[in-house]
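Chain letters run A, B, ... following the sequence lines, proteins first and then strands; every chain starts at 1.
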Amino acid sequence: MNKYDPKNIEKKWQVVWEKNNLSSAEDFAKKPKFYSLIEFPYPSGSGLHVGHCMGYTASDAHTRMKRMQGYNVLFPIGWDAFGLPTENYAIKTGKKPALVTKENTDFFRKQMKTLAYSFDWDREINTSDPEYYKWTQWIFLQFYKHGYVDPSTGSGQAGKLVEIADDDRTTPRLAYQAEMPINWCPSCKIGLANEEVIAGRCERCESPTAKKMQKQWMLRITAYADRLINDLDKTDYLEKIKTQQINWIGKSKGTNIDFELKQNANFIILHGFTGSPKDNFFPWLRAELERRGYKVQAPELPETNNPKIDEQVDFVVDKIKIDENSVILGHSLGAVVAMKVVERLKHPIAKLILAAGFIEPTFKDHKRPFEKTFDWKFDFEKIKKNTGSTIYLRASNDYAVPFEQGDKISNLLNAKIVDFVANEEHICGTHEPVVFDACVDKVRVFTTRADTLFGCAYIVIAPESDYTSNLKSQISNLEEVEKYIENAGKKSDLERTELQKEKTGIRLEGVKAINPINNEEVDVWVADYVLSTYGTGAVMAVPAHDERDFEFAKKYNLLIKEVVIPFEGEEHKGAEFRKTVSAVVHRRSDDKYLIVKWKKFDWFAPSIGGMEKDETPMQAVEREVFEETGYKVKAVEELGGQIESHFYAENKQVWRARIDQPVLCELRDKTPREVSKEELELHEAVWMTANEALQKITHPYNKIGFERYTKKNYAYIGYGKLVNSGEFSGIYSKEAIEAITKKIKKDGNGDFAVNYKLRDWVFSRQHYWGEPIPIIYCEKCGIIPLNESDLPLELPDVKKYEPSNTGESPLAAVSEWVDIKCPRCSGPARRETDTMPNWAGSSWYYLAYIMLGKEKEKIKKQKNGTVNVFDEFKKELEYWLPVDLYNGGMEHTTLHLLYSRFWHKFLYDLKEVPTSEPYQKRIAHGIILGPDGQKMSKSRGNVIIPDDIVSTYGADTMRAYIMFIGPYDQESAWSVAGLQGVFRFLNRVWKNVGKVKEGIDDPKDLLVDLNKYIVSVTDDLENFRLNTYVAKLMEINNEIDSLETVSKDSFGIFLKLLSPAAPHLAEELWEKIGGSESILDQTWPKADAKYLILDYVKIAVQVNGKLRGVVEVGSKATQEEVLDIVRKNSVIANWIKGREIVKVIYRPEKVMSLVIK
RNA sequence: GCCGGGGUGGUGGAACGGUAUACACGAAGGACUUAAAAUCCUUUGCCGAAAGGCUUGCGGGUUCGAUUCCCGCCCCCGGCACCA
């Protein structure tokens, strides 16, 4: 028999398999379908690495079993070809990225074929192929053209998917633009991807990077946050993948609370054409403002049906008292009057609010009489000078005032625009809360702990939030505040994330906010421990119940007010109330604590005693400790707030409700004095370490003082019972959150709210090698989406691949591509020059395998390429989706996996795909470390190249070893010795084929074992327990090793079980033993039940829990029969001799356990 | 800090609450060989001559029986990280 020579046999079979096309999937086959997806690779220049091999080998083996089990398996592969390394390579060499990609994918394909991965090569796709990215761009356009509108809020966060007209500028779109920071290298003058920023420095020149604000495309993934969490229930993802996604999305339910800023404002409300102070929202607004103690003047202007400008302005200036604290609000024509009034004033006012105002008589519907009688010239500079700030309120449902008026006024007056949907068109509802919000300066905070609202000591605003811009006139230390804000902005990511950096902040002097629950005035701070990107960018600080606020309050010496106290036990009505103190006595010499041991009840507790009248906790504790233990101590400080506990006091036989104050004490004497006899009988003093004490102390409520001191955590952040909280005192946190929020809501100061950690997806990249974003900017028409029929928008050839020094992508320099005519007005227009991130193409590639590829191209070509592939291949999508099993890396859990679920859900809403989730099951493999146990990297020189292994040992050894290396989902280190072990195993298999004889009977033991292995090997492979799968193959082979001959049938079964791991060897030996056709066409073995039921079984016998022997009994033997055999067993008989058997436990086929006395 | 996952021989690792250490590596001894490699055979958790005892990070608990379940602690890995 010749030697096992993998080189020869592997090449031989790869050719045969490819010729017979054994791994292509058939649409609509009658067999059950199985879609097995493996993450497609980024075709880098360095080729396939062992990490790829891990996933591919595992999925390939599983897939091979599935095929043999009779499934119609779709197991496709492709290339995630857009990305930075290729672009960087192009910058260095000047080679075209598309060409580089072609070379790389050719190399990858060849490598994959030598490893016999049974991919369906007819369906190969490439994300950088224009025929592919045509559809990536198409999906982007759909994002642009659609949005979710919640009719009640207009927030775009929930509700129904609607199509949005191109000229609609207010409905929130799923793809939208926003000013977002990019990583900017000031020295290279280029924008950097996150991966190019290493520890806060530019990868190329190592100078620190900064943030630069730039308009970027965003995808509103947050609109799907809830569904991305909830629909995880429908999937079989690994539990850790689910939790990681849930944590990443980070949903928290809480309350938005408005803290009104105290101001001396008085309000002047000016009505519009044909209006009066009794119209519209005016009476409601007036009532709201007056309820809050503001003075309101709402005059009726002269000749309201036929108004003349000078007359009305004169009237206001003469008759109405206007001062520096005045806020003038004009609605519609009243806004015009308001501007004219401000223009005429000799002093500034606090604020000007223009609701549906205009500066040109250009109405959408009909002409008004005043259009001619009014004077339409304004001195905008003067108006601007005469007002502290200006707000322009613009309703998207305004029938009269053109939308653009807002932009114009905003530009001229530097006004802040508030876009909203009014309760009635032209802001004419009787309630218009948005108008009210514009009148009163408020800071809105988000909290999950509304129950602690009474403990709010101050509020904190994030430095980046624009709350402060409205407040400038009131801030007396403005200069310092602005300096703080500027410094905070300069801080790099590096500094911001520095470990446990000390909190800093600055108080806005002259500004006070009003706590809406009790009308208390609180300070307002700006501090960078508050994030502008989460919630409302402002928080209420409750130092007593939040660690961060506690730390901040300690540093700046701010009020710490306790409003929630821990509550232990069960509420017991009629319990006897008692105020106590408990002592945490720390002995520094040996770091031990004084604990009192109760002799009668075997309790451990700190020294505790009741407080007497007129005693402070500090005094009480000194007395108590001395009386109880004889130690003289000095009270140092109170450890946080009080603790309420209800319990049955066995020593006194009563229900007690105890309010306890823990106090830290210092030991004054080393030795105790004598204590009274009664005390001595009750308890003794013992010294313990903190850990011991925490373990020994009997009741949880007595541990709290120790925990606070040993963990240095004085802020009580848990739930409990409210104190010092007015009408809410005495109720529990959870109820209080509900009750306080309801009260806040009723008073119009806030509402329940939900927030997510998940941010919208920044979708613009300032790079060349990505999908161009199909958008056109026209000077006149604004943003115009490219016509779908003009897709794909192909990347132009460029000379240079470097980013431009303006922060734009290299495409911006290709004027013949960028500068085009507007498709609508034929005026000058520019293309968007940013490209999509590399996550875009991979967000739908599993759909592309179904719709694109060689065969599908033919179908499309027959139809002239005008088809929508989603419609064209609807039936195929229905047949194959969802992906049954998606295998990949753990590192993709929170980006790729989440992004593609988001895209899929959107396509589902568009009715382009039939399922709401793309992947039924997701598993992930661990990484392979180098032989030194370190992560493989070129710089460490511990990289294993698959090609080297294949050329030395063959692909089968590589495959089997990679499966055998360790648990699939855990990281494992590469081991050369282990690899050789697997090679030896395959050699022994090769030799054992010589033992095969036809027409012989195998020993029964072999048949029994073989059938057992069929069951467990199948189960292992199904569940990716690949290391034990290979181990079991070894066990079977070892068993064959020990035999002289083996039947063809049995060896054939073994080869079939082996074929997923070592397909070439299995096929070669299958041929050698004269098997029919290819082993790939064989049916996966099924266990023969007759070998699984045994006549005799071995039973372990335990005596008093210890193994004392093994007996063989009939598998159907009764307990009595087994016991009889056990008694007769000499070894066991020795153990039970002279003792009484009190209990017998018998588990058939497993164990008999005897308890003897 | 929070959320996951781990901790078993000299090493990688097996074990539905039921004979802990499968399988592999390494090591030792032996066979073949002039010799080595390769291959094959034997031994291999620790203590002990043996009987037997001890052993799954540490300390408790539940159970006839715990690597497995529960409580507390220590250490390692991964993710998130001032998310209010």
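Among the protein residues, A/Val1110 comes within range of the nucleic acid bases, having at least one heavy atom under 4.0 Å from a base atom. Nucleic acid contact class of A/Ile965 (heavy atoms, under 4.0 Å, all strands): sugar-phosphate only. A/Thr448 comes within contact range of the sugar-phosphate backbone alone, with a heavy-atom separation under 4.0 Å but no base atom that close. Among the heavy atoms of the strands lying under 4.0 Å from A/Lys757 is at least one base atom, whether or not backbone atoms are also near.
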Atom pairs under 3.5 Å: protein N/O with N/O of nucleotides 51-60 of chain B:
from: B/G53; atom 1: OP1; to: A/Arg1108; atom 2: NH1; distance (Å): 3.4
from: B/G53; atom 1: OP1; to: A/Arg1108; atom 2: NH2; distance (Å): 3.2
from: B/G53; atom 1: OP2; to: A/Arg1108; atom 2: NH1; distance (Å): 3.1
from: B/C54; atom 1: OP2; to: A/Lys1106; atom 2: NZ; distance (Å): 3.4

Polar atom pairs between nucleotides 21-25 of chain B and protein, under 3.5 Å, N or O only, would you list them?
from: B/A22; atom 1: O2'; to: A/Glu1035; atom 2: OE2; distance (Å): 3.3
from: B/A24; atom 1: OP1; to: A/Asn1038; atom 2: ND2; distance (Å): 3.1

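Between A/Asp1019 and A/Arg1025, at least one side-chain nitrogen of the basic residue sits less than 4.0 Å from a carboxylate oxygen of the acidic one, meeting the salt-bridge criterion. Salt-bridge formation is not detected for the pair A/Lys253/A/Glu738: no Lys NZ or Arg NE/NH1/NH2 atom is positioned less than 4.0 Å from an Asp or Glu carboxylate oxygen. The pair A/Arg940-A/Asp932 fails the salt-bridge criterion, with no side-chain N (NZ, NE, NH1 or NH2) lying under 4.0 Å from an Asp/Glu carboxylate O.
With both ends at atom P, the span from B/G52 to B/C73 equals 41 Å, rounded to whole Å. Between the P atoms of B/U34 and B/C23, the separation comes to 34 Å (whole Å). To the nearest whole angstrom, the two C1' atoms, one in B/G78 and one in B/A14, are 24 Å apart.
Shown here is A/Lys1098, whose NZ atom has no more than 12 heavy atoms of other residues, nucleotides or ligands within 6.0 Å.
With sequence neighbours excluded, the residues satisfying ring-ring contact (aromatic ring centres under 6.0 Å, His included) with A/Tyr709 are A/His586. A/Asp236 pairs by the salt bridge (Lys or Arg N to Asp or Glu O under 4.0 Å) definition with nothing, not counting sequence neighbours.
Nearest-nucleotide mapping onto RNA chain B: of A/Leu758 and A/Trp248, the residue sitting toward the 5' end is A/Trp248. Where A/Gly537 and A/Asn247 each meet RNA chain B at their nearest nucleotide, the meeting point lying more 5' is that of A/Asn247.
The stretch residues 448-457 of chain A participates, sequence neighbours left out, in these side-chain hydrogen bond (donor to acceptor under 3.5 Å, both in side chains) pairs: A/Arg449-A/Asp451, A/Asp451-A/Ser733.
When every heavy atom of A/Tyr4 is checked against every heavy atom of A/Asn987, the shortest pair comes out as CB-OD1, 3.3 Å.
Between the P atom of B/A14 and the CZ atom of A/Phe1024 lies a distance of 17 Å, rounded to the nearest Å. Atom pair A/Glu971:CD and B/G79:P shows a separation of 10 Å (rounding to whole Å applied). Atom CG of A/Asn1104 and atom C1' of B/U63 are 13 Å apart (whole Å). A straight line from CZ of A/Phe983 to P of B/A37 spans 17 Å, rounded to a whole angstrom. Separating the CD1 atom of A/Ile241 from the P atom of B/G5 is a distance of 12 Å, rounded to the nearest angstrom.
Rounding to the nearest 0.5 Å places CZ of A/Phe752 at 6.0 Å from OG1 of A/Thr255. Atom CE of A/Met936 is separated from atom CH2 of A/Trp974 by 6.5 Å, given to the nearest 0.5 angstrom.
Below the 3.5 angstrom threshold, one finds no donor paired with an acceptor across the side chain of A/Glu891 and the base of B/G79.
For A/Ser252 and B/A84, the shortest distance from a side-chain N or O to OP1 or OP2 is below 4.0 Å. A/Lys240 has no side-chain polar atom (N or O) that falls below the 4.0 Å cut-off from OP1 or OP2 of B/G5. For A/Tyr529 and B/A84, the shortest distance from a side-chain N or O to OP1 or OP2 is not below 4.0 Å.
Shown are A/Val1126, A/Ile1125, A/Val1122; of these, the side chain to side chain contact (heavy atoms under 4.5 Å, CB included) with A/Val1101 is made only by A/Val1126.
Classified by its glycosidic torsion, B/G65 falls in the anti category, the angle being over 90° from 0.
Considering only side-chain atoms of A/Tyr534, the nucleotide from B/G65, B/A84, B/C82 that sits closest is B/A84. Listed nucleotides B/G13, B/U39, B/A84 differ in distance to A/Lys991; the shortest reach to its side chain belongs to B/U39.
A/Tyr484 and A/Thr504 form a side-chain donor-acceptor contact under 3.5 Å, judged by distance and modelled atom types alone.
Taking the side chain as every heavy atom from C-beta outward, A/Met54 and A/Tyr968 approach each other to under 4.5 Å.
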Q) How does RNA chain B read in dot-bracket, base by base from 5' to 3', with Watson-Crick or G-U pairs under 3.5 Å and | used when the partner is on another strand? A) (((((((..(((.....[....)))((((((.......))))))(((....)))..(((((..]....))))))))))))....

